[in-house]
Amino acid sequence: MDAIQQHMIDSYRAAQHGELPPPLPGRHDWAVVRDVRDRRRFDAVTAGLPARRRRRTALRELFTHGHHHSAPPGNSSRSGA
């Protein structure tokens, strides 16, 4: 049974009992994603860690550690040449 069929059965049961039908499947998916994100941020703060962009910052530090954003050697402009 897929989500639509389950929704149809739940809607039928709600109508039989005079209750409101349940929300459509997928209606609150983004709200759940936001709630999970907020929970992870809360857990990070209570653990004493930065609450935002921890993965991106860690990846940037991993890939740029020891590398500077300057011109490669041998490509500097030479005066007097």
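What you are looking at is a predicted structure, and each value in this text was computed from that prediction instead of being measured.
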Holding to side-chain contact (heavy atoms from CB on, under 4.5 Å), I want the full list of residues that pass it with Q5, two or more places apart in sequence or in another chain. M1, D2
Which donor-acceptor pairs under 3.5 Å do side chains of residues 21-35 form with protein atoms, sequence neighbours excluded?
none

Sequence neighbours excluded, the answer for side chain to side chain donor-acceptor pair (under 3.5 Å) partners of D43 is R39
Sequence-distant partners of E19, side chain to side chain donor-acceptor pair (under 3.5 Å), two or more places apart: none
Members sharing I4's hydrophobic cluster (side chains within less than 4.5 Å): M8
